[in-house]
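The structure under discussion appears below in the form of structure tokens.
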Amino acid sequence: MGVKFKDIVSPEKISLNDLNGKIIAIDGANTLYQFLSSIRQRDGTPLMDNSGNVTSHLSGILYRTSSIIEKGVKPIYIFDGKPSEFKAETVAERRIFREEAEKKWKNAMEEGDMEAARKFATRSSRMSPYIIDSSKKLLDIMGIPYVQSFGEGEAQASYMVAHGDAWAVASQDYDCLLFGSPRIIRNLTFSGNLANLEYLELKKVLNELELEQEQLIDVALMVGTDFNQGLKGVGAKTGLKIAKTSSLEQYLKEKKTDLGLATDDLRNIFLNPEINKNYDLKWKSVDKDKIIDFMCLNHDFSEKRVLAAVEKMEKLKTTQKSLTDWFN
């Protein structure tokens with residue numbers, strides 16, 4: 001879900017052409033949820049093969065990723081590791097939310113209300129080992145590298161951008177600002193037309209808000225993150241005012257309240273996340289025979305459409321240039 005910064009952060013509009021030749025670290029969990037939620041049939045039922053396996057995520061990875069590759073983007077997918085102990089409450093809340101949405105979806109189906117059915121169905125999307133494993137298998141066949149993080153995928157992706165292994169993180173969430181990513185792209189895998197891209201630059205955000213990185217994190221902690229509930233009645237604009245006029249500790253002391261957890265522990269989640277530094281980024285040519293077997297024979301996709309996606313991916317240059325070259 002991510003931190004709610006919409007009221008204080010204003011992304012810039014950019015064109016897909018601006019990303020030509022850039023390496024983009026794609027937030028895997030965020031993106032897979034998009035695919036699972038949006039790529040569905042009219043009644044909200046996810047795409048499935050003849051064996052009943054969900055294939056919405058495979059459709060998204062193949063067709064949307066091949067579209068950005070065709071435009072010169074070099075993608076890397078980043079997968080979440082073990083959730084932080086501080087995230088347990090959020091994970092539990094999301095599970096309950098999905099279960100309730102699934103019940104409402106089934107009720108709407110029984111009542112023949114297809115509009116409501118689709119609405120609730122998109123909210124019931126859930127990750128599973130099958131979703132993750134099949135996604136990684138498809139990426140291998142497509143020749144696209146992925147990195148398995150130890151903890152938060154957003155933290156891993158942000159680290160890779162900050163250390164020059166990618167140009168930006170692609171994610172819908174603003175959390176990557178908190179993890180220190182210099183650049184974020186929104187809507188890259190969100191829709192088929194790729195015409196509504198948004199760009200955030202951490203340095204510009206901090207300058208416009210007149211904050212330091214740790215102050216921005218404090219605003220998030222007051223608003224609420226995936227790791228804490230935040231303060232009642234404090235939205236992004238109020239949190240911003242507080243951060244500019246007082247320290248978080250002083251404000252909590254004055255209001256005789258707390259964040260439920262030690263502020264230093266919460267800050268540390270964003271300032272010092274656990275990072276997998278042992279990764280190898282190599283793009284390879286798509287394996288046409290394997291992708292036909294996997295997508296068409298195993299999961300009943302149209303061979304004509306799959307081959308059209310393969311043709312787009314064949315434009316991906318597999319020669320390993322220096323990262324400086326890709327950033328120019």
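All heavy atoms count here, side chains included; hydrogens, waters and symmetry mates do not.
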Start with the C-alpha distance between Y251 and D218, add both sets of side-chain angles, then the distance that settles side chain to side chain donor-acceptor pair (under 3.5 Å), and finish with yes or no.
CA-CA 11 Å; Y251 180 79; D218 286 353; over 6 Å; no
- Residues L62, V310; criterion side-chain contact (heavy atoms from CB on, under 4.5 Å); working and verdict: CA-CA 9 Å; L62 178 62; V310 168; 5.7 Å; no
For S15 and D18, what are the C-alpha separation, side-chain angles and deciding distance, and is it a side chain to side chain donor-acceptor pair (under 3.5 Å)?
-> CA-CA 5 Å; S15 164; D18 295 323; 4.8 Å; no
query = Between D49 and N298, is a side-chain contact (heavy atoms from CB on, under 4.5 Å) present by the stated rule, with each step listed?
reply = CA-CA 8 Å; D49 60 27; N298 294 351; over 6 Å; no
Just do the side-chain contact (heavy atoms from CB on, under 4.5 Å) check on M295 and T55 with the steps written out, would you? CA-CA 9 Å; M295 296 297 288; T55 58; over 6 Å; no
request  = Go through L281 and V147 one step at a time and tell me if the side-chain contact (heavy atoms from CB on, under 4.5 Å) criterion holds.
outcome  = CA-CA 8 Å; L281 305 178; V147 175; 3.9 Å; yes
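Side chain of S51 to main chain of N53: no donor-acceptor pair is present (N/O by atom type, distance under 3.5 Å, no hydrogens or angles). Formation of a donor-acceptor pair under 3.5 Å by the Q148 side chain with backbone atoms of Y279 is not found in this model. The main-chain N or O of F79 is found under 3.5 Å from a side-chain atom of S149 such that the two form a donor-acceptor pair. Using a distance-only test at 3.5 Å, with no hydrogens or angles considered, no donor-acceptor pair links the side chain of S56 to the main chain of R40. Counting only distance, with no hydrogens or angles, the side chain of S302 and the backbone of R305 share a donor-acceptor pair below 3.5 Å. Between the side chain of S134 and the backbone N or O of I131, at least one donor-acceptor pair lies under 3.5 Å. Under the 3.5 Å distance criterion, the side-chain polar atoms of D7 are left unmatched by any main-chain donor or acceptor of A236.
Counting heavy atoms from C-beta on, the side chains of N268 and D265 never come closer than 4.5 Å. Counting only heavy atoms from C-beta outward, the side chains of I69 and P75 approach each other to under 4.5 Å. Between I8 and K237 the shortest side-chain heavy-atom distance falls below 4.5 Å. The shortest distance between side-chain heavy atoms of Q213 and F270 does not fall below 4.5 Å. In this structure, N187 and Q172 have side chains that are in contact, with non-hydrogen atoms separated by less than 4.5 Å. Counting heavy atoms from C-beta outward, Y77 and S135 have side chains that stay 4.5 Å or more apart. Contact of the I61 side chain with the L32 side chain is registered, since non-hydrogen atoms from C-beta on lie closer than 4.5 Å. Side-chain contact check for D175 versus D27: every heavy-atom pair is 4.5 Å or farther apart.
Nearest heavy atom pair, residue D258 against residue L252, reads CA-CD2, 4.1 Å. Among all heavy-atom pairs drawn from W167 and L19, the shortest one is CZ3-CD2, 3.7 Å. Nearest heavy atoms, P11 versus L200: CA-CD2, 3.7 Å. For the residue pair I24 and A170, the shortest heavy atom distance occurs at CG2-CB, 3.6 Å. The minimum heavy-atom distance between A243 and Q215, with the atom names listed, is O-NE2, 3.2 Å. Listed here is the closest heavy atom pair of G239 and M222: O-CE, 3.4 Å.
Separating the OG1 atom in T238 from the CG atom in L231 is a distance of 10.5 Å, to the nearest 0.5 Å. For the atom pair OG (S59) and CD1 (I39), the distance works out to 4.5 Å, reported to the nearest 0.5 Å. Atoms CG and CG, on N228 and L266 in that order, are 5.0 Å from each other to the nearest 0.5 Å. To the nearest 0.5 angstrom, S158 atom OG is 11.5 Å from R183 atom CZ. Taken to the nearest 0.5 Å, the OG atom of S38 stands 4.0 Å off from the CZ atom of R64. We find the CG-CG distance between L47 and L36 to be 10.0 Å, quoted to the nearest 0.5 Å.
Looking at L259, V219, I242 one by one, the single match for side-chain contact (heavy atoms from CB on, under 4.5 Å) with L248 turns out to be L259. Tested against C176, the residues V169, I185, V161 include a single side-chain contact (heavy atoms from CB on, under 4.5 Å) partner, V169.
Environment of NZ in K13: crowded, with over 12 heavy atoms of neighbouring residues, nucleotides or ligands closer than 6.0 Å. Atom NZ of K244 has more than 12 heavy atoms from other residues, nucleotides or ligands within 6.0 Å. Atom NZ of K136 is surrounded by more than 12 heavy atoms from other residues, nucleotides or ligands within 6.0 Å.
Classification of D293 and K290 as a salt-bridged pair fails, no side-chain N sitting under 4.0 Å from a carboxylate O. A salt bridge between E249 and R267 is present, with a side-chain N of the basic residue lying under 4.0 Å from a carboxylate O of the acidic one. Under a 4.0 Å N-O distance rule, the pair K204/E12 qualifies as a salt bridge.
Residues I78 and F150 do not share a hydrophobic cluster, clusters being chains of Ile/Leu/Val/Met/Phe/Trp/Tyr side chains in contact below 4.5 Å.
Using cut-offs of 30° and 60° on the angle between ring planes, the pair H299 and Y130 is tilted. Relative ring orientation between F301 and Y63 is described as tilted, the plane-to-plane angle lying within the 30° to 60° band. A perpendicular orientation is assigned to the rings of F179 and F227, their planes being inclined by more than 60° (bins at 30° and 60°).
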